[in-house]
Amino acid sequence: MDTRLQKYRGMIFDLDGVLVDTATYHYLAWRRLARELGFEFTEGDNERLKGVSRMRSLEIVLEVGGLSLSDAEKQAAAAKKNAWYVEYLCALDERALLPGAKDYLEYLRQDGRRIALGSASKNAPLILERLNIGRFFDAVIDGNSVGRAKPDPEVFLKGAGLVSLPPKDCAVFEDSRAGIEAAKRGGMFAVGVGRKELLPGADMYIASLADCYGKQKN
Ligand code: BG6
Ligand code: MG
């Protein structure tokens with residue numbers, strides 16, 4: 001059992017890259033947009049979009065292509081990318097859950113912890129439904145319910161508030177730099193899902209939620 005996580009009564013999960021592997025779908029949709037605009041967008045470039053809001057992601061994509069668009073053109077481009085992304089999400093099912101995600105959520109529920117989702121995605125409700133994991137969450141905060149994107153701590157502070165716990169009693173699971181920064185700025189324990197070199201500043205690191213579950217079980 002990992003004693004560092006045991007004491008947290010509230011567990012707040014990022015969605016993309018922590019519970020579900022959606023990065024490929026985001027990538028395919030951004031690459032399609034880039035090609036339509038006449039340039040290539042690589043998987044390496046896509047790394048820069050992790051945890052970043054949709055409009056900020058578009059700005060990074062345009063920067064890669066050396067293009068600038070008017071506000072109206074940006075809105076249209078983001079809407080187009082999202083329509084493709086949502087189309088790709090139709091193929092999403094429980095197989096896209098990342099290792100240990102469902103087992104760990106089940107374990108936490110049985111253990112009486114409070115569970116919240118803290119995601120930047122406006123598509124979070126659709127993804128939860130397709131993965132059939134909505135029932136695990138006491139609160140869902142997503143891109144539709146926050147005004148300030150990560151690294152602002154708003155998404156996690158709202159999550160803690162909705163499960164009626166002070167930030168210091170909550171652990172946040174995140175795979176993005178912006179998310180780790182948001183958790184720390186919010187006064188929470190930050191679990192980096194990924195490598196330390198890529199996610200500086202977390203309080204502990206795991207490769208996937210399977211690590212926590214294994215440790216909790218023993
Ligand atoms: C985050 C992803 O969870 O959500 C980002 O890591 C994405 O890559 C962001 O841009 C916004 O997602 P959506 O679904 O609202 O476009
Ligand atoms: Mg993420």
Side-chain angles (χ1 to χ4, degrees), residues 11-34 41-64 74-92 96-101 116-131 133 137 140-156 158-159 171-184 188 190-195 198-199 201-202 205-209:
M11 310 302 252
I12 308 181
F13 292 89
D14 173 47
L15 179 65
D16 298 309
V18 170
L19 296 173
V20 59
D21 183 14
T22 42
T24 314
Y25 298 114
H26 276 298
Y27 173 59
L28 291 174
W30 285 123
R31 189 181 66 178
R32 191 166 163 184
L33 181 74
F41 186 72
T42 68
E43 272 190 273
D45 296 326
N46 195 55
E47 283 298 303
R48 293 175 60 194
L49 309 186
K50 271 191 185 174
V52 175
S53 72
R54 190 181 306 166
M55 288 314 285
R56 179 66 197 128
S57 295
L58 173 67
E59 279 161 15
I60 295 172
V61 172
L62 294 175
E63 189 187 300
V64 168
K74 279 189 198 165
Q75 292 296 338
K80 198 178 234 186
K81 179 268 171 181
N82 190 57
W84 288 327
Y85 177 61
V86 169
E87 194 183 302
Y88 299 147
L89 287 182
C90 289
L92 195 75
L97 279 166
L98 286 164
L117 189 84
S119 168
S121 174
K122 294 187 173 173
N123 292 299
L126 170 68
I127 295 170
L128 291 180
E129 189 195 313
R130 293 219 56 95
L131 298 175
I133 56 168
F137 296 92
V140 172
I141 316 296
D142 60 24
N144 304 295
S145 35
V146 290
R148 295 183 300 277
K150 300 170 189 176
D152 190 285
E154 183 186 8
V155 61
F156 297 137
K158 276 196 168 166
V172 169
F173 295 80
E174 255 295 347
D175 73 319
S176 74
R177 276 182 182 234
I180 295 291
E181 189 183 329
K184 293 314 299 172
M188 296 161 197
V191 183
V193 183
R195 296 208 316 277
L198 300 175
L199 290 177
Y205 295 89
I206 55 174
S208 76
L209 295 172

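Both ligands and their constituent atoms are indexed starting at 1 by order of listing. We're numbering straight along the sequence, starting at 1.
The nearest non-hydrogen atom to atom 14 (O) of ligand 1, considering only Ala120, Gly17, Ala149, Ser121, comes from Ser121.
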Problem set entry | Verdict with reasoning, Phe41 to Val61, per side-chain contact (heavy atoms from CB on, under 4.5 Å) | CA-CA 7 Å; Phe41 186 72; Val61 172; 3.8 Å; yes
For this session: Before giving the answer on side-chain contact (heavy atoms from CB on, under 4.5 Å), spell out for Leu128 and Leu15 the whole-Å C-alpha distance, their side-chain angles and the decisive distance to 0.1 Å.
Result: CA-CA 9 Å; Leu128 291 180; Leu15 179 65; 4.1 Å; yes
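If you check which protein heavy atom lies closest to atom 3 (O) of ligand 1, you get Asp16 OD2, 2.6 Å. Annotation: atom 15 (O) of ligand 1 to nearest protein heavy atom, Lys122 N, 2.7 Å. When hydrogens are left out, the protein atom nearest atom 16 (O) of ligand 1 is Arg54 NE, 2.8 Å; that is the closest non-hydrogen contact. Closest to atom 6 (O) of ligand 1, if we only count protein heavy atoms, is Gly51 N, 2.8 Å. Val52 O, 3.2 Å is the protein heavy atom nearest to atom 7 (C) of ligand 1. In terms of protein heavy atoms, atom 8 (O) of ligand 1 is closest to Leu49 O, 3.0 Å.
Counted by atom type alone, Tyr88 and Arg32 present one or more donor-acceptor pairs between their side chains at under 3.5 Å.
Under the side chain to side chain contact (heavy atoms under 4.5 Å, CB included) test applied with Leu209, the options Leu19, Val191, Leu97 reduce to a single match, Leu19.
Taking distances strictly below 2.8 Å, the protein N/O/S atoms close to the Mg ion (ligand 2) are Asp14 OD2, Asp16 O, Asp175 OD1.
The closest donor-acceptor contact from the side chain of Lys150 to the backbone of Gly118 lies under 3.5 Å. For the pair Ser57 (side chain) and Val52 (backbone), a donor-acceptor distance under 3.5 Å is present. Looking at Lys158, its side chain does come within 3.5 Å of a backbone N or O of Ser145 through a donor-acceptor pair. Using a distance-only test at 3.5 Å, with no hydrogens or angles considered, a donor-acceptor pair links the side chain of Arg130 to the main chain of Cys90.
Near Tyr85, with a cut-off below 4.0 Å to any heavy atom, the atoms of ligand 1 are 14 (O). Per-residue contacts place Ser57 under 4.0 angstrom from the following atoms of ligand 1 (heavy atoms of the residue considered): 10 (O).
Considering backbone and side-chain N/O of Asn82, none are found under 3.5 Å from N/O of ligand 1.
Of the inter-residue distances, the one linking Glu174 atom CD with Phe156 atom CZ reads 4.0 Å to the nearest 0.5 angstrom.
No side-chain heavy atom of Lys81 sits under 4.5 Å from any side-chain heavy atom of Leu58.
In this structure, Lys184 does not pair ionically with Glu181, as no charged nitrogen and carboxylate oxygen lie closer than 4.0 Å.
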